[in-house]
Amino acid sequence: MIRVRQVEVDINKDTKEELLKKTATKLKIDTKEIHSIKINKKSLDARKKPNLKFIYEIDISCIDENKTLRKNTKDVLKTPDQTYKFNIHGTESLKNQIIIVGAGPAGLFCAYLLAENGYKPLVIERGEDVDHRIHTVQEFWSTGVLNQNSNVQFGEGGAGTFSDGKLNTLSKDSKNRMRKVFETFVLCGANEEILYENKPHIGTDILRNVIKNMRNKIVEMGGEFRYNACLTNLTIKNQKLVAIEVNHREIIPCENLVLAIGHSARDTFEMLYDKNIEMTPKPFSVGIRIEHPQSMINISQYGMNNHPKLKAASYKLTYQASTGRGVYSFCMCPGGYVVNASSEDKMLTINGMSNYKRDSKNANSAIVVTVTSDDFGSHPLDGLEFQRKLESIAYKKGQGKIPIQLYKDFKENRLSTQFGNIEPIFKGMYTFANLNEILPTYICSSLKEGIEYFGTKIKGYDREDAIIAGIESRTSSPVRIIRDAFYNTNVKGIYPCGEGAGYAGGITTAAMDGIKVAEAITSIYKND
């Protein structure tokens, strides 16, 4: 096949026929010479608003591919092989089943690759399966009654189950692991467009079914799942893992344990530290979420609103504050919801979530500020305690509800009393509170500077009635569990994996890290 880059199509003429015509014209051949056409990449060129274009990268087969390649050099090449190849080099026999802790993206993809290649892993998950978890989370949003083991952070699918399902990443991927992740998602029910869109997302509503289908395929291939099963202890002899404890009572022999525990498994981090597993504090970010009308964001990004070929617009914003801290948008959710994402008693944190259609009236994004060990201390668990302190204050100020405030009142350090022209779109109860009394002064001042600057990039971003909510504290893991070149900790047989271990940031990179750990295990052990 032949790959053709930089095929431009006006968004008002975006049809298969027009794409075929533009591709043939670029190749200097007749459309009749093209046998098949497949989109490899699709992005939007919005530099000349409102005259927008889609930029395609196309794979085609045609009558004489070699001749076509010879007479076209610019933006034309032979389609490269993007197949992911999983190789088993291990020679040692497994004494016991490989156990994976956590059924988020890292754990699921580690289990999927192992099961697909003849291993039969056991996945233990402290939370519920996705169907029961959805019911539990909705009950929490309605009543405020929290299940500390099954919530927005914990349960089948991980924290991404109640997010936007964004798959974009800046990670380099020479071994096509990302392609494997996307193809697996599509096989399990995601829309095929994630294979080629520049900013792919699944949507939380579709992701839930994808997760169930992944689980079912893993089980069909020989894997097992156990829910409401929390890792509570390790048995280590001569710096080697020999067994694990589940729910403080059950002992399971284990020499290979994948820790895909997620960024919120604070009790597990504490247990690992007590077992002398090496870890270090890691920088992260904290801040707020801000809501604007989605129509305002669309007009800013596209120069128009509600075009049938355009989805709800997103944005990415960064700023360097006078405090020396980075301020940036994080987990931007077009047409989404702000959600109560708490996981510990009498503590409160929030997140953003969008369905596949991204069709709510508001856009929301975290606006966060970087913090380091200079702010919270050098002990491995100091960042964790820093998060807890802020979440505890947020819970008290909101009396268990999400604290919210109008941006004008945040700037002027006063309590809001009524909304402006923006109606809040939240999952979970909320109440007015002064966020200046929750976050440290250096974070608040950095946020105010950043939002004012963002108003010069997106008209209306700093509008007085923008709704801000707090706090966003789980942007990434506050610790990194140290691993060597073979993905082991200082205790052999323990493999830290994914976002919680400090090696990923989002669904895609966590899934790819799960694949890497599966590769590491199968480089040692055979699947007999």
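Nothing fancy with the numbering, it's 1 onward along the sequence. This is a predicted model, so every value here is computed, not measured.
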Asks: Contact between Glu344 and Arg266 at the side-chain level, heavy atoms closer than 4.5 Å - yes or no?
Replies: yes

Asks: Please examine the side chains of Ile277 and Asn490, heavy atoms only from C-beta on, and report whether any two atoms are closer than 4.5 Å.
Replies: yes

Asks: Can you see whether Ser476 engages Lys282 through a side-chain donor-acceptor pair at a distance of less than 3.5 angstrom?
Replies: yes

Asks: Under the criterion side chain to side chain contact (heavy atoms under 4.5 Å, CB included), I'd like the reasoning laid out for Val145 against Phe140: C-alpha separation, chi angles, the key distance, then a yes or no.
Replies: CA-CA 5 Å; Val145 177; Phe140 167 61; 5.8 Å; no

Asks: Give the C-alpha distance, both sets of side-chain angles, the deciding distance and a yes or no for ring-ring contact (aromatic ring centres under 6.0 Å, His included) between Tyr84 and Phe182.
Replies: CA-CA 11 Å; Tyr84 170 75; Phe182 286 16; over 10 Å; no

Asks: Can you tell if the side chain of Arg226 reaches within under 4.5 Å of the side chain of Glu250, non-hydrogen atoms only?
Replies: yes

Asks: So, Gln6 and Asp75: side-chain donor and acceptor under 3.5 Å apart, yes or no?
Replies: no

Asks: Would you indicate whether the side-chain heavy atoms of Ile202 and Asp164 approach each other to under 4.5 Å?
Replies: no

Asks: Is the His201 ring parallel, tilted or perpendicular to the Tyr356 ring (thresholds 30°, 60°)?
Replies: parallel

Asks: Ignoring hydrogens and geometry beyond distance, is a side-chain donor-acceptor pair present between Thr349 and Ser342 at under 3.5 Å?
Replies: no

Asks: Could you tell me if Glu128 and Ser150 have a donor-acceptor pair between their side chains, going purely by distance under 3.5 Å?
Replies: yes

Asks: Is it true that Glu519 and Lys516 make a salt bridge, defined as a side-chain N closer than 4.0 Å to a carboxylate O?
Replies: no

Asks: Please say which of Thr31, Ile58, Asp59 ends up in a side chain to side chain contact (heavy atoms under 4.5 Å, CB included) with Ile37.
Replies: Ile58

Asks: Going through the checks in order, is the ring-ring contact (aromatic ring centres under 6.0 Å, His included) test met by Tyr487 and Tyr503?
Replies: CA-CA 11 Å; Tyr487 293 80; Tyr503 296 96; 8.0 Å; no

Asks: Indicate whether the side chain of Glu57 and that of Asn40 have a donor and an acceptor atom separated by less than 3.5 Å.
Replies: yes

Asks: More than 12 heavy atoms of other residues, nucleotides or ligands under 6.0 Å from NZ of Lys85: is that the case?
Replies: yes

Asks: What I want to check is whether the side chains of Glu391 and Ser473 have a donor and an acceptor closer together than 3.5 Å.
Replies: yes

Asks: Please determine if Asp513 and Arg177 form a salt bridge, counting it only when a charged side-chain N lies under 4.0 Å from a carboxylate O.
Replies: no

Asks: Supply the atom-to-atom distance Glu17 CD to Thr15 OG1, rounded to the nearest 0.5 angstrom.
Replies: 4.5 Å

Asks: Between Ser314 and Arg358, do the side chains contain an N or O donor and an N or O acceptor separated by less than 3.5 Å?
Replies: no

Asks: Between Lys212 and Asp131, does at least one N-O distance fall below 4.0 Å, as a salt bridge requires?
Replies: yes

Asks: Are Lys180 and Glu116 close enough that some pair of their side-chain heavy atoms sits under 4.5 Å apart?
Replies: yes

Asks: Verify the ring-centre separation between Phe330 and Phe284: is it less than 6.0 angstrom?
Replies: no

Asks: Is atom NZ of Lys311 surrounded by more than 12 heavy atoms (other residues, nucleotides or ligands) closer than 6.0 Å?
Replies: yes

Asks: Quick check: does any side chain N or O of Lys309 sit under 3.5 Å from a backbone N or O of Asp14, one acting as donor and the other as acceptor?
Replies: yes

Asks: Look at the aromatic rings of Phe225 and Tyr227 and report parallel, tilted or perpendicular, splitting at 30° and 60°.
Replies: parallel

Asks: Checking side-chain polar atoms at under 3.5 Å, does Tyr495 have a donor or acceptor matched by the opposite partner on Asn256?
Replies: yes

Asks: Which value, rounded to the nearest 0.5 Å, describes the distance between Thr489 atom OG1 and Leu259 atom CG?
Replies: 7.5 Å

Asks: Will you find, in the side chains of Asn198 and Ser43, an N or O donor that is under 3.5 Å from an N or O acceptor?
Replies: no

Asks: Hey, does the side chain of Glu278 reach the backbone of Ile482 with a donor-acceptor pair shorter than 3.5 angstrom?
Replies: no

Asks: Would you mind checking if Glu183 and Arg179 are paired as a salt bridge, meaning a charged N to carboxylate O distance below 4.0 Å?
Replies: yes

Asks: Does Tyr525 form a ring-ring contact (aromatic ring centres under 6.0 Å, His included) with His89? I'd like the steps, not just the answer.
Replies: CA-CA 8 Å; Tyr525 297 97; His89 304 295; over 10 Å; no

Asks: Under 3.5 Å, is there a donor on one side chain and an acceptor on the other for Thr161 and Arg133?
Replies: yes

Asks: Assess whether side chain to side chain contact (heavy atoms under 4.5 Å, CB included) is satisfied between Glu245 and Leu234, documenting all intermediate values.
Replies: CA-CA 6 Å; Glu245 178 191 80; Leu234 307 172; over 6 Å; no

Asks: Measure from NZ or CZ of Lys427 to the centre of the six-membered ring of Tyr337 and say whether it is under 6.0 Å with the direction within 45° of the ring axis.
Replies: yes

